[in-house]
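Accompanying notes for the structure given below.
These figures come from a predicted structure and were not determined experimentally.
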Amino acid sequence: MFKLLKKMKRREWLTAGLCGLLVLGQIYFDLRLPDYMSNLTVLMKTPGSAMADIWQTGLEMLGCTLASALLAIICGYLAAQTAAGFSYTIRENVFHQVADFGQYEMQQFSVPSLINRTTNDITQIQMLVAMGLQIMIKSPVMAIWAVIKIINKSWTLSAITAGFVAALLAMMAIVITVIVPRVRRVQKLTDNINRVSRENLTGINVVHAYNAERYQAEKFEGANDELMKTQLFNQRSLALLMPAVSLAMNALALTIYWVGASIVDQVAVADMAARISAFGDIMVFGTYATYVIMSIMMMVMIVMFFPSAQVSAGRVNEVLDAKISMHEGSSDHAPEQGTVEFRDVSFHYPASGKDVLEHISFKVNQGETIAFIGATGSGKTTLISLAARFYDATSGQVLIDGKDVKEYTFDALYDRIGYVTQKAVLFAGNIRENVLFGESRAMPTDENVQKALELAQAGEFVQKLPDGMEAPIAQGGSNVSGGQKQRLAIARALARNPEILIFDDSFSALDYKTDAALRKGLAEELDGITCMIVAQRIGTIRNAEKIIVLDEGKAVGIGTHDELMKNCPVYQKIAMSQLSAEELGA
């Protein structure tokens, strides 16, 4: 928690400091009241006291009460402002940190967990800060100040008060020790609930198609039941604290007045002034002792929030402290244009020691098309992910435009690349916003959007929509078909006006006619742009200048379609499984 507080901005620290001063002022006025009560008691018990003196003391008590209330209102406003600003800063830091995550970091944190850490966990911290600026300052200062006020009035009553306080603090320590591990478990179980719910909503069509509603319900009920039981234990344990503090406060008041009565009774009856003074001291002592217990009661409120906030702070710190595996270089310029080269590249994922790519070498020049084909799991997507620098090669070099990708700034590298993912991803908004998504060297004009849509074979269906390019796109593109989504994703890459286009099996949802028209348009309109294509269809890649056949991470064949049909058995097998002998002969 304290590690996160270091990220608080200077303005927030100043506001928090001012809030602390106001709390001290509030405590000062609160602790003046018992003294006025003592004076008022003496005035009322003393014969011949003037009514004006009683009214003056009462008005001074009212003034202290109003001053304390005013300071409390101002402090509450400042505390809320500080907590909101602090949570804004932390949420911003977490968002930017996650935005810098690569594939390796994303594997360490699940998506539901990251969402919970950005929302629920930071909200827990915000609530603790909002309450803590008032209560965590007020309760210990008030308790210490009240103890100082009463310590010399009666050692007997002071010892009794100390016993009650020690018992309450011991009980709080036990409850915290028991609850904190279970609160940490609650956060993980909440992540699990989020994951199960997300899976069910995302795959709702599959759930219906397989009559898996009952199975999904049982899975959710199991996760929900486990979370409920853990939370019930925590809440029941915390529920003991407030009644215990209330019981202790009332028991302490009774004990003080009972012992105090015997103290007053020991004073000689004839010495009325001394008896009145002793009576006033007992009243003041009881009030101050109540303030001590009230301070502990306020601490109990913090204790009820602190374990979950502490665990949340740890989870947020895990994200903020995650080491980014990839760092950008400093170069913006390159000696070549539109070239991609792999020099003896091998790669294995950080969690595995086995290479998924072994000694891959090739070069594609500007304007050429290179294709990758192979069985599922042969490493095609991993290979082009290295070109886009989603991962760094374990050994060897990946060069874009004649320079190692590690030397480029991220802006310079991705300005050169238009990447179409294997699974088309669209964002909530409209078609125009999705096509012009992100920053690029191309001008963000409607003409550029229209040209990209036409080239991606998406112009026809976009024109039929009532709003055209302004037609809305739902989150994840759920309101368009798979083929339409894929074509819009291709249009987004084309609108960037890149030097290098990377298609990761991006034609799989297109029919053969649209596939052929798209490839023809790319060949005619994008002269000088280098293409890297991962595909499963021989027809999609047979006209490429260079085809690389992958088998279990190794390049078992490199050449044109005709060359591979002569000397690559793996390619021959793939081709003959898709096309007839007549088609291959043609």
(request) Search all heavy atoms of G374 against all heavy atoms of K380 and return the closest pair with its distance. (result) O-NZ, 3.3 Å
(message) Looking at every non-hydrogen atom in both residues, tell me the closest pair between L488 and A458 and how far apart they are.
(response) CD2-CB, 4.4 Å
(message) If you compare all heavy atoms of D355 against all heavy atoms of S346, which two are closest, and at what distance to 0.1 Å?
(response) OD2-CB, 4.0 Å
(message) Between Y210 and Y215, is the ring centroid distance below 6.0 Å?
(response) no
(request) Could I get the full list of ring-ring contact (aromatic ring centres under 6.0 Å, His included) partners for Y28, not counting sequence neighbours? (result) none
(request) Report, as yes or no, whether the 6.0 Å neighbourhood of atom CZ on R195 holds more than 12 heavy atoms from other residues, nucleotides or ligands. (result) yes
(request) For the pair Q97 (side chain) and V319 (backbone), establish whether a donor and an acceptor sit closer than 3.5 Å, ignoring hydrogens and angles. (result) yes
(request) Would you check if the distance from the ring center of Y419 to the ring center of Y414 is below 6.0 Å? (result) no
(message) If only side-chain N and O atoms count, and only distance matters, is there a donor-acceptor pair under 3.5 Å linking S312 with Q124?
(response) no
(message) Pairing donors with acceptors under 3.5 angstrom, does anything connect the side chains of S395 and D344?
(response) no
(message) Looking at every non-hydrogen atom in both residues, tell me the closest pair between L453 and V435 and how far apart they are.
(response) CD2-CG2, 3.9 Å
(request) Might you point out which heavy atoms bring S506 and T421 nearest each other, and give the distance in Å? (result) OG-O, 3.7 Å
(request) Please identify each residue that fulfils salt bridge (charged side-chain N to carboxylate O under 4.0 Å, His left out) with R389, with sequence neighbours left out. (result) D392
(message) Give me the atom names and distance for the closest heavy-atom approach of I502 to I384.
(response) CG2-CD1, 3.7 Å
(request) Go through the structure and list residues passing ring-ring contact (aromatic ring centres under 6.0 Å, His included) with F427, not counting sequence neighbours. (result) F437
(request) Say whether, by atom type as modelled, one donor and one acceptor occur between the side chain of D504 and the main chain of V420 under 3.5 angstrom. (result) no
(message) Please list all pairs meeting salt bridge (charged side-chain N to carboxylate O under 4.0 Å, His left out) that have one or both residues in residues 307-320, counting only residues at least two apart or in different chains.
(response) R117-E318, D121-R315, D191-R315
(request) Spell out, as yes or no, whether a donor-acceptor pair under 3.5 Å connects the side chain of N479 to the backbone of A474. (result) yes
(request) Can you measure from CG (N93) to CD1 (I122) and round to the nearest 0.5 angstrom? (result) 9.0 Å
(request) Count the heavy atoms of every other residue, nucleotide or ligand shown that sit under 6.0 Å from NE2 of H327, and state whether that count exceeds 12. (result) yes
Which atom pairs, one a donor and one an acceptor, fall under 3.5 Å between side chains of residues 173-182 and the rest of the protein, sequence neighbours left out?
from	atom 1	to	atom 2	distance (Å)
T177	OG1	A173	O	2.7
R182	NH1	V178	O	3.1

(request) For ring-ring contact (aromatic ring centres under 6.0 Å, His included), just list the numbers for F342 and F347, CA-CA rounded to whole Å, side-chain angles, deciding distance to a tenth of an Å, and then say yes or no. (result) CA-CA 12 Å; F342 276 50; F347 174 77; over 10 Å; no
(request) Give a yes or no on whether the backbone of A495 and the side-chain of N448 come within a donor-acceptor separation of less than 3.5 Å. (result) yes
Side-chain atoms of residues 76-86: list all donor-acceptor pairs with protein atoms under 3.5 Å, sequence neighbours left out, distances to 0.1 Å.
from	atom 1	to	atom 2	distance (Å)
T82	OG1	L78	O	2.8

